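Step one of this worksheet: look at the structure below.
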Amino acid sequence: MRDTDVIGHDLLAWYDANARDLPWRVGPAARRAGERPDPYRVWLSEIMLQQTTVAAVRDYFHRFTTRWPTVTALAEAEDAEVMGEWAGLGYYARARNLLKCARVVAGELHGTFPDTREGLLALPGIGPYTAAAVSSIAFDRAETVMDGNVERVMARLFDVHTPLPAAKPELFAHAEALKPLERPGDHAQAVMDLGATICTPRSPACGICPLIGVCTARARGTAPELPKKTPKKPKPIRRGIAYLVQRSDGALLLETRPDKGLLGGMLGWPGTEWAEAPPEDPPIETEWRTLPGEVRHTFTHFHLILTLQASTVGPEAMPTRGQFMPRAEFRPSDLPTVMRKAFDLWQAKS
DNA sequence: AAGCCGTGGTA
DNA sequence: TTACCAAGGCT
């Protein structure tokens, strides 16, 4: 057998015995018995898992599939419902694209997901990784699935020292050479499970790795330092003010943020820009009290220090931004994390 | 094509 | 406390 066949065989044997039990997964035994996963659940899980850990996804996946069991049900949901259910999971463009995609599948494709990489790639929110993953996992098509796990496993198996992201084509070629024609879905999941549980970024468990005998980095002692990555830029600090306005009947002044950009489409408190720019006009004429303390939150590319200003207004107050939401309709869990932190601080200090 | 886009866990 | 990291996609 070729080395690539040995790796594929050992990997599948390991997967058969060690596959993680995941809510969206049909395990290797059931899969070999002919059971097929629900493409809707596979797609939903893959969108949620983009740059996100399994531990963070589990509860969200359960809530989404309970509330919207099919792609058609999801397609009929209102935007605010879906954004509220996604709140806290991050990368909110995923939620906007999730709904767009569900509406295309339900409205134009009779509720059936495409089964090919190309067909999936044409849908909103589905890129090269997700298209390959869904066609492979849900439809057992032989596609090369390349995510962060696969990159790391390939870099170690073949001792690739080229830093990411420049190394991607080289790593993809290695992954493609390993791609089997049999059980491609299980193979893809096996590589990712290996990367998530054994071939981990820090302190890889080489001692119990099924591929220890064929791993070049292991033989050369370089596994823990791979893959190499180009250094990241430091994160600047931005500041801003958030205004927490409560009406005398308890209603809270909130606004839905524009679809584009940071926290796009999410509910939040009116506020200034987050930068070094001078504060803008507050969203309502009133007396402000500055709350003690501040909200600290780190986004992908900057740190934020948010100060809070609070006020209580009468029933006649007319805001220039946002709208009052009755307290009974307000759920803190509908807020993205930074906005929920602001709410928590306001409650603690009020 | 390089920057933008969240969050919580971990060392 | 800080920095790194995770089943990436869009523009």
Side-chain angles (χ1 to χ4, degrees), chain A residues 19-20 22-25 41-61 83 86-98 100-101 120-138 143-153 164-166 168 172 175 185 187-197 199-204 224-225 227-238 257-266 268 274 296-304 333 335-341:
Chain A
R20 286 179 292 174
L22 302 173
W24 47 86
R25 169 177 287 176
R41 293 166 66 88
V42 174
W43 162 75
L44 178 61
S45 71
E46 290 299 341
I47 301 298
M48 288 184 165
L49 286 163
Q50 289 168 7
Q51 299 288 285
T52 310
T53 58
V54 166
V57 164
R58 280 185 186 275
D59 290 349
Y60 283 88
F61 181 82
M83 300 311 288
W86 195 276
L89 197 56
Y91 285 134
Y92 299 100
R94 292 185 297 173
R96 301 194 300 274
N97 286 329
L98 184 83
K100 280 186 198 168
C101 182
L120 289 159
L121 202 48
L123 294 169
I126 298 185
Y129 162 74
T130 306
V134 173
S135 62
S136 151
I137 296 170
E143 301 290 353
T144 304
V145 179
M146 260 276 287
D147 73 328
N149 286 308
V150 182
E151 288 173 1
R152 184 171 58 258
V153 171
L164 287 168
K168 287 193 178 190
F172 186 90
H187 172 83
Q189 295 179 90
V191 183
M192 293 191 281
D193 271 26
L194 187 77
T197 63
C199 196
T200 50
R202 286 173 290 206
S203 307
E225 68 190 61
K228 303 282 192 184
K229 297 197 174 182
T230 55
K232 295 173 182 175
K233 292 180 179 175
K235 294 177 179 178
I237 298 175
R238 296 186 191 172
R257 301 170 62 88
D259 270 350
K260 304 254 179 187
L262 192 67
L263 307 180
M266 298 300 291
W274 297 340
R296 289 176 176 270
H297 190 75
T298 299
F299 292 98
T300 312
H301 54 292
F302 65 92
H303 301 288
L304 176 67
S333 63
L335 297 174
T337 299
V338 66
M339 300 298 177
R340 187 181 47 71
K341 284 183 181 177

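Note that this is a predicted model, so its numbers are computed, not measured. Below, read A as the first sequence line, B as the second, and so on, with proteins coming before strands; counting in each chain starts at 1. Computation of the quantities below employed the complete heavy-atom set of this structure, encompassing side-chain atoms and omitting hydrogens, waters and symmetry-equivalent molecules.
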A:Met83 to A:Ala95 - nearest heavy-atom pair and separation: SD-CB, 3.7 Å
What residues form a ring pair (Phe, Tyr, Trp, His ring centres under 6.0 Å) with A:Phe172, not counting sequence neighbours? none
For [X], side-chain contact (heavy atoms from CB on, under 4.5 Å) partners two or more places apart:
{"X": "A:Pro124", "value": "A:Asn97, A:Lys100, A:Cys101"}
{"X": "A:Ser135", "value": "A:Arg117, A:Leu120, A:Arg141, A:Glu143"}
{"X": "A:Tyr91", "value": "A:Gln51, A:Arg94, A:Thr300"}
{"X": "A:Tyr60", "value": "A:Met48, A:Arg63, A:Leu89"}

Check each residue of residues 45-52 of chain A for a non-hydrogen atom within less than 4.0 Å of any atom in DNA chain C, then write out the ones that pass by number, or none. A:Glu46, A:Leu49, A:Gln50, A:Gln51
Residues in residues 228-236 of chain A with a heavy atom under 4.0 Å of DNA chain C, by number, are A:Lys229, A:Lys232
Of all nucleotides in DNA chain B that come within under 4.0 Å of a heavy atom of chain A, which is furthest toward the 5' end and which toward the 3' end? B:dG3 to B:dG9
When A:Leu121 and A:Arg296 are each assigned the nearest nucleotide of DNA chain C, the 5'-most assignment goes to A:Arg296
I'd like to check the salt bridge (Lys or Arg N to Asp or Glu O under 4.0 Å) partners of A:Arg96; sequence neighbours left out, ordered by chain and number. none
Partner residues of A:Lys168 under the salt bridge (Lys or Arg N to Asp or Glu O under 4.0 Å) criterion, sequence neighbours left out: A:Glu151
Measure the distance from [atom1] on [X] to [atom2] on [N] and round it to the nearest whole Å.
{"X": "A:Met146", "N": "C:dG9", "atom1": "CE", "atom2": "C1'", "result": "15 Å"}
{"X": "A:Glu151", "N": "C:dC5", "atom1": "CD", "atom2": "P", "result": "12 Å"}
{"X": "A:His303", "N": "C:dC4", "atom1": "NE2", "atom2": "C1'", "result": "12 Å"}
{"X": "A:Asp147", "N": "C:dG9", "atom1": "CG", "atom2": "C1'", "result": "14 Å"}
{"X": "A:Ile126", "N": "C:dC10", "atom1": "CD1", "atom2": "P", "result": "9 Å"}

With a 6.0 Å cut-off on the ring centroids, do A:Phe299 and A:His297 count as close? yes
By nearest-heavy-atom nucleotide on DNA chain B, the more 5' of A:Ala55 and A:Thr300 is A:Thr300
What is the nucleic acid contact for [X], judged by heavy atoms within less than 4.0 Å: base, sugar-phosphate only, or nothing?
{"X": "A:Leu22", "result": "base"}
{"X": "A:Arg25", "result": "base"}
{"X": "A:Trp24", "result": "base"}
{"X": "A:Gly88", "result": "sugar-phosphate"}

Using side-chain hydrogen bond (donor to acceptor under 3.5 Å, both in side chains) as the criterion, list what pairs up with A:Thr298, not counting sequence neighbours. A:His303
Hey, mind stepping through A:Glu46 and A:Tyr129 against side chain to side chain donor-acceptor pair (under 3.5 Å) and telling me if it holds? CA-CA 9 Å; A:Glu46 290 299 341; A:Tyr129 162 74; 2.7 Å; yes
Please list all pairs meeting salt bridge (Lys or Arg N to Asp or Glu O under 4.0 Å) that have one or both residues in residues 187-196 of chain A, counting only residues at least two apart or in different chains. A:Arg20-A:Asp193, A:Arg25-A:Asp193
Taking atom P in both B:dG8 and C:dG9, what distance in whole Å separates the two? 22 Å
